[in-house]
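Beneath this line is the structure, given in structure tokens, with notes to follow.
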Amino acid sequence: MAVAGFYRRILPSPPAIDFASSKGKQLFVEAVQHGTMEGFYRLVSNFQTQSEPAYCGLASLSMVLNALAIDPGRKWKGPWRWFDESMLDCCEPLEKVKARGISLGKLVCLANCAGAKVQAFQTNEITIDDFRKYVRRCSTSDDCHIISSYHRAAFKQTGTGHFSPIGGYHVGQDMALILDVARFKYPPHWVPIELLWKAMEHVDEATGQHRGFMLISRPHREPGLLYTLSCKHEDWVNIAKYLMDDVPLLLKSKDLKDTQDVLTVILASLPLNYSDFIKWVAEVRRTEDSGQSLSSEEKARLALKEEVLKQVQETDLFKQVGEFLSREDSCCKMLTPSHENNLPEIAASVCCQGAEILNGNTGVSAGYCCRETCVRCLGANGDKPVTVVCGMVVSGNNEQEFDMLVPSSSHVRSGCCFSGMKNEIGSHPAASDVLTTLLLALPAKTWIGIKEEKVLRELQKLVCTETLPTLLQDEVLHLRKQLRLLQKYHEDKVDLDLSALPSS
């Protein structure tokens with residue numbers, strides 16, 4: 001027997017006040033006059049409804065990222081770069097989010113991976129007065145926004161844990177405007193700050209941690225030009241733990257005589273799948289978008305990536321890593337990604353990911369396959385040739401060609417205009433580039449346990465970020481921030497068998 005579906009819910013009022021009601025309109029006008037609705041306009045310009053019952057966190061984050069005008073650096077659909085829920089999958093597979101929802105820690109990770117500046121607070125870490133100050137701060141400007149993680153029961157609403165942005169604040173009534181992304185269920189509504197705080201004090205049953213809120217703003221510049229960390233890999237917890245917790249202990253426990261000894265200790269135990277953890281970033285585009293030449297914007301973006309790669313290879317640490325990898329007794333073969341010598345293999349490994357990006361897929365790669373891949377050049381009007389990985393993605397009766405623009409440094413031989421040729425190293429960031437950047441991103445305290453003073457001084461000089469060029473320094477600091485966030489939230493990687501679908 002068919003069961004009738006739900007068309008919205010009646011908003012329990014009190015305690016909430018419907019934004020579109022007479023009282024809600026009055027609160028809005030008064031808040032505007034008081035100057036505490038400045039963040040509202042950009043948010044409402046990007047207001048969206050979550051596309052899945054458990055996507056409240058993803059919808060809230062994509063809405064805020066778009067309100068802050070943060071460029072995702074990759075295309076959504078057609079030629080457009082725009083944040084969408086389907087693109088927020090670097091910290092948790094979308095199928096898991098769809099089935100179980102997402103925690104505050106994972107949403108913080110997502111915001112950071114997307115290039116935002118993030119501060120997260122759980123209710124057991126600060127006071128309600130602190131929260132009120134943050135709400136007022138973001139309500140009087142349009143350069144920061146708050147996403148609240150709360151339990152609906154406090155508002156007498158149906159459902160459990162939920163995420164939504166805060167759209168404004170009424171000082172006199174001490175009320176916050178919740179821009180509920182489950183618009184199919186409840187409209188935007190005003191709630192008392194004290195009640196919202198109580199709703200955030202609920203413990204998330206999936207993690208055993210208090211709920212709270214995120215303060216999100218634009219960074220000084222868009223990070224992750226060349227590299228970013230991926231939390232989609234199943235072993236990301238182990239890799240992050242090894243780098244942040246185990247490496248300092250290993251260095252402290254060994255008698256190290258020189259830099260090569262240090263590299264041996266670190267890299268010999270590095271998980272084999274580290275190359276799935278630190279990703280190099282390439283621009284993905286449909287081949288029909290730009291024909292055989294690059295747009296001026298694509299050229300500028302690729303030039304920045306190439307400059308970062310060049311700066312990595314100019315460091316003294318890069319030379320040390322290269323020397324280590326060239327040694328016969330090193331773990332070079334284990335550390336070198338299998339695709340390093342063959343760019344077409346890169347296309348085979350990423351074509352389905354490219355298809356998801358281009359088509360706004362929900363992240364399920366099943367059903368996609370790569371019919372063909374090759375490597376060729378793009379360039380016109382005297383421009384230097386650019387290495388491009390080309391792929392043909394097939395899904396059912398649909399076919400889609402795509403290009404990935406690959407950064408390459410002038411310090412290495414270009415592998416352009418070849419297809420399937422072995423031993424063409426250097427046409428994309430290689431193992432030595434990745435390892436150098438990863439070592440630079442480790443916190444300064446990593447090295448202080450080295451017993452030999454001379455070796456310690458040499459390592460500290462090699463990994464010092466203060467002397468790096470600005471682009472590379474920003475890249476390294478971005479990765480370091482990501483590592484710290486992963487370390488903070490690695491205990492949040494809980495695989496619980498939740499019996500009920502998360503309710504918005």
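By convention here, the first residue in the shown sequence is residue 1.
Looking only at distances, a side-chain donor or acceptor of Gln50 sits under 3.5 Å from a matching main-chain atom of Pro53. Between the side chain of Thr36 and the main chain of Ala31, a donor-acceptor pair closer than 3.5 Å is present. No donor-acceptor pair under 3.5 Å is formed between the side chain of Glu38 and the backbone N or O of Ser139. A donor-acceptor contact shorter than 3.5 Å is absent between the side chain of Arg9 and the backbone of Phe184. Of the possible donor and acceptor atoms, one in the side chain of Thr315 sits under 3.5 Å from a partner among the backbone N and O of Val312. The main-chain N or O of Thr465 is found under 3.5 Å from a side-chain atom of Gln473 such that the two form a donor-acceptor pair. Remark: the backbone N or O of Ile266 is paired with a side-chain donor or acceptor of Tyr242 at under 3.5 angstrom.
Under 3.5 Å, the side chains of Asp433 and Thr436 contain no donor-acceptor pair of N or O atoms. For the residue pair Glu85/Ser51, the side-chain donor-acceptor check at 3.5 Å is satisfied. Looking only at atom types and distance, the side chain of His202 has no donor-acceptor partner in the side chain of Arg211 under 3.5 Å away. Ser62 and Gln48 form a side-chain donor-acceptor contact under 3.5 Å, judged by distance and modelled atom types alone. At a cut-off of 3.5 Å, with distance as the only test, a side-chain donor of Asp84 or Ser86 sits close to an acceptor on the other residue. Checked by atom type, the side-chain pair Asp18/Tyr186 shows no donor-acceptor distance below 3.5 Å. No donor-acceptor contact under 3.5 angstrom links the side chains of Ser13 and Lys23, judged on distance only. Remark: the Gln122 side chain and the Gln209 side chain contain an N/O donor-acceptor pair separated by less than 3.5 Å.
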Could you please spell out the steps behind the side chain to side chain contact (heavy atoms under 4.5 Å, CB included) verdict for His210 and Asp204? CA-CA 6 Å; His210 286 79; Asp204 185 344; over 6 Å; no
How far apart are the C-alpha atoms of Phe155 and Tyr150, what are their side-chain angles, what is the distance that settles it, and do they pass the ring pair (Phe, Tyr, Trp, His ring centres under 6.0 Å) test? CA-CA 10 Å; Phe155 305 138; Tyr150 60 95; 5.5 Å; yes
Residue pair Leu270, Leu243: steps toward the side chain to side chain contact (heavy atoms under 4.5 Å, CB included) verdict: CA-CA 8 Å; Leu270 188 65; Leu243 293 171; 4.0 Å; yes
Take Arg81 and Trp76, measure what side chain to side chain contact (heavy atoms under 4.5 Å, CB included) needs, and give me the verdict at the end. CA-CA 5 Å; Arg81 296 201 301 272; Trp76 163 57; over 6 Å; no
Determine, step by step, whether Phe213 and Phe131 satisfy the ring pair (Phe, Tyr, Trp, His ring centres under 6.0 Å) criterion, reporting the C-alpha distance in whole Å, the side-chain angles of both residues, the deciding distance to 0.1 Å, and the verdict. CA-CA 9 Å; Phe213 63 97; Phe131 173 58; 4.9 Å; yes
Yes or no on side chain to side chain contact (heavy atoms under 4.5 Å, CB included) for Leu442 and Arg480, after CA distance, side-chain angles and deciding distance? CA-CA 6 Å; Leu442 295 180; Arg480 184 175 296 172; over 6 Å; no
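Thr446 has its side chain within reach of Leu251: a pair of non-hydrogen atoms, C-beta onward, lies under 4.5 Å apart. Looking at Ile193 and Met175, their side chains never come closer than 4.5 Å, going by heavy atoms from C-beta outward. Looking only at side-chain heavy atoms (C-beta outward), Met214 and Val108 come within less than 4.5 Å of each other. Side-chain atoms of His162 and Asp180, non-hydrogen and from C-beta on, do get closer than 4.5 Å to each other. Side-chain contact between His151 and Glu205: absent, with no pair of heavy atoms (C-beta onward) separated by less than 4.5 Å. Asp143 places none of its side-chain heavy atoms less than 4.5 Å from the side chain of Ser217. No side-chain heavy atom of Tyr169 sits less than 4.5 Å from a side-chain heavy atom of Leu177. Taking 4.5 Å as the limit, some side-chain heavy atom of Pro165 sits within range of a side-chain heavy atom of Val181.
The distance from atom CH2 of Trp82 to atom CE of Met87, rounded to the nearest 0.5 Å, is 11.0 Å. Taken from SG in Cys138 to CG in Leu43, the straight-line distance is 9.5 Å, to the nearest 0.5 Å. Taken to the nearest 0.5 Å, the NE2 atom of His170 stands 6.5 Å off from the CH2 atom of Trp190. The distance from the OG atom of Ser21 to the CD atom of Gln26 is 9.5 Å, given to the nearest 0.5 Å. Between the NZ atom in Lys481 and the NZ atom in Lys117 there is a gap of 7.5 Å [rounded to 0.5 Å]. With rounding to the nearest 0.5 Å, the separation of CG in Asp246 from CD1 in Ile239 is 12.0 Å.
Applying the 6.0 Å contact sphere to CZ of Arg42 captures no more than 12 heavy atoms from other residues, nucleotides or ligands. Remark: Ile10 CD1 is loosely packed, at most 12 non-hydrogen atoms of other residues, nucleotides or ligands lying under 6.0 Å away. Residue Gln460 qualifies as enclosed at atom CD: its count of foreign heavy atoms under 6.0 Å is above 12.
In this pair, Phe19 and Phe28 present their aromatic rings perpendicular. The plane angle is above 60°, beyond the 30 to 60° band.
Between Leu196 and Ile166, the closest heavy-atom pair is CD2-CD1, 3.9 Å. The shortest non-hydrogen separation linking Ser164 to Ile178 is CB-CG2, 3.8 Å. For the residue pair Leu104 and Ser149, the shortest heavy atom distance occurs at CD1-CB, 4.4 Å. In this structure, Leu195 and Pro15 approach most closely via the heavy-atom pair CD2-CB, 3.4 Å. Looking at every heavy atom in both residues, Leu11 comes nearest to His189 through CD2-CB, 3.6 Å. In plain terms, the two heavy atoms of Val191 and Ala16 that are nearest each other are CG1-CB, 4.0 Å.
Taking the charged nitrogens against the carboxylate oxygens, Arg218 and Asp142 have no contact shorter than 4.0 Å, which rules out a salt bridge.
Both cation-pi conditions hold for Arg183 and Phe47: the charged atom is under 6.0 angstrom from the six-membered ring centre and inside a 45 degree cone around its axis. At least one cation-pi condition fails for Arg136 and Tyr134: the charged atom is not both under 6.0 angstrom from the six-membered ring centre and inside a 45 degree cone around its axis.
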